[in-house]
2 protein chains.
Amino acid sequence: MDKDMSYEEYVEQVRQGILTSSGNCPVTPLLVMLQGKWKFQIIYELCIKGQIRFGELKKSLAGITNTMLTSSLRELERDGLVSRVQFNEIPPHVEYSLTERGKALLPVFYAMTKWGFEYIP
Amino acid sequence: MDKDMSYEEYVEQVRQGILTSSGNCPVTPLLVMLQGKWKFQIIYELCIKGQIRFGELKKSLAGITNTMLTSSLRELERDGLVSRVQFNEIPPHVEYSLTERGKALLPVFYAMTKWGFEYIP
DNA sequence: CGGAATCCGAGCGGATACTG
DNA sequence: CAGTATCCGCTCGGATTCCG
């Protein structure tokens, strides 16, 4: 089964147990990538701003520490969702943005948002 | 903005910063509900089996302990995603299934799956 | 400016034993 | 059968300090 399957096909595969959470279904890896207290907010800010510097990003995420922002960005970069461009200037200058892979998550967030508007009071 | 907005409307709202991750966007609560090592696999099993007993569920989730299965189910129940029906028999008999709210997550998992098939090797 | 290094407390996930 | 009770190690998130 491939990425072009329809929603109806998907439901059918799940019902029949063909797609299993522990096996051939890629949902778990994605959930793991999005785990952590700040990951989603970071991606969201990058969606809005497009491209943003470390300091600006930190200001947008009220309460986050340097340590957490750095480690979250490093993991998102390792997972190929965020790209980091470093300008060799003094003072240092770094720009973060979403990769194609990261931008492709928007339909997922759209589905979550629709669910939320219906089921979260 | 409501639950009937189109994907294009959604993207536009995100771009303009109208939907913010820390404010009026309901994605974060959902991510929190799905956090934990076993939550997603449990929901998946319930999708497949429809209705299932504690012992059967445990057999389906290789490696999970009583403690984790119980606490995960309790949290999913508290969040309104899973329903628990207890039959007052001896020996005890309990059936778990997804609520409407839980079943409504399928489009979210579908979007995640499509993303995964495209971007996970 | 954009981090790295270090330390710390809380809580999550897990193992084991027991029970109505 | 379907849990509860207890204990424990380890990782996550956070505070603080220092650096190129």
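For the numbers below, each heavy atom of this structure counts, side chains included, while hydrogens, waters and symmetry mates do not.
Across the helix from C:dC1-D:dG20 to C:dG20-D:dC1, the helix axis at one end is tilted relative to the axis at the other end by 50° (nearest 10 degrees, each axis from five pairs).
The distance between atom CG of A:Asn88 and atom C1' of C:dG2, rounded to the nearest whole Å, is 13 Å. Taking atom CG on B:Leu73 and atom P on C:dG13, their separation rounds to 14 Å, with Å as the unit. If you take CD1 of B:Ile42 and P of C:dG13, they are 11 Å apart, rounded to a whole angstrom. Rounded to a whole Å, the CD atom of A:Glu95 is 14 Å from the P atom of C:dC1. Remark: P of C:dA4 and CG of A:Leu69 are 11 Å apart, rounded to the nearest angstrom. Across the protein-nucleic acid pair, B:Arg74 atom CZ and C:dC12 atom C1' stand 18 Å apart, rounded to whole Å. Atom NE2 in A:His93 sits roughly 11 Å away from atom P in C:dG3 (whole-Å rounding). The NZ-P distance, from B:Lys58 to C:dG14, rounds to 13 Å in whole Å.
No side-chain heavy atom of A:Val27 sits under 4.5 Å from any side-chain heavy atom of A:Ser21. Looking only at side-chain heavy atoms (C-beta outward), A:Leu34 and B:Leu34 stay at 4.5 Å or farther from each other. Looking at A:Leu105 and A:Leu30, their side chains come closer than 4.5 Å, going by heavy atoms from C-beta outward.
The phosphate of D:dA2 has OP1 or OP2 within less than 4.0 Å of a side-chain N or O from B:Arg53.
Residue A:Tyr96 is in sugar-phosphate contact alone, with no base atom involved, counting any heavy-atom pair closer than 4.0 Å across all strands shown.
Remark: side-chain polar atoms of A:Glu9 are paired, donor with acceptor, to backbone N or O of A:Ser6 under 3.5 angstrom. Although no hydrogens or angles enter the test, the distance criterion places no donor-acceptor pair under 3.5 Å between the side chain of B:Trp115 and the main chain of A:Leu106. Put simply, the side chain of A:Ser83 never gets that close to the backbone of A:Leu98: no donor and acceptor are under 3.5 Å apart. Counting only distance, with no hydrogens or angles, the side chain of B:Tyr110 and the backbone of A:Tyr7 share a donor-acceptor pair below 3.5 Å.
Applying the ring pair (Phe, Tyr, Trp, His ring centres under 6.0 Å) rule to pairs touching residues 20-42 of chain B yields B:Phe40-B:Tyr44, B:Phe40-B:Phe109, sequence neighbours excluded. For residues 33-42 of chain A, the salt bridge (Lys or Arg N to Asp or Glu O under 4.0 Å) pairs, not counting sequence neighbours, are A:Lys39-A:Glu75.
Hydrophobic clustering, with ILVMFWY side chains joined whenever heavy atoms are under 4.5 angstrom apart, keeps A:Ile52 apart from B:Ile18.
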Between protein and nucleotides 6-13 of chain D, what N or O pairs are separated by less than 3.5 Å?
| from | atom 1 | to | atom 2 | distance (Å) |
| --- | --- | --- | --- | --- |
| D:dG13 | OP1 | A:Lys37 | N | 3.1 |

Please list, for nucleotides 18-20 of chain C, all pairs of protein and nucleotide N/O atoms separated by less than 3.5 Å.
none

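Under the 4.5 angstrom side-chain criterion for Ile, Leu, Val, Met, Phe, Trp and Tyr, the cluster partners of A:Phe87 are A:Val85.
When distances run from any side-chain atom of B:Arg84 to the nucleotides C:dA4, D:dG3, C:dA15, the shortest one goes to D:dG3.
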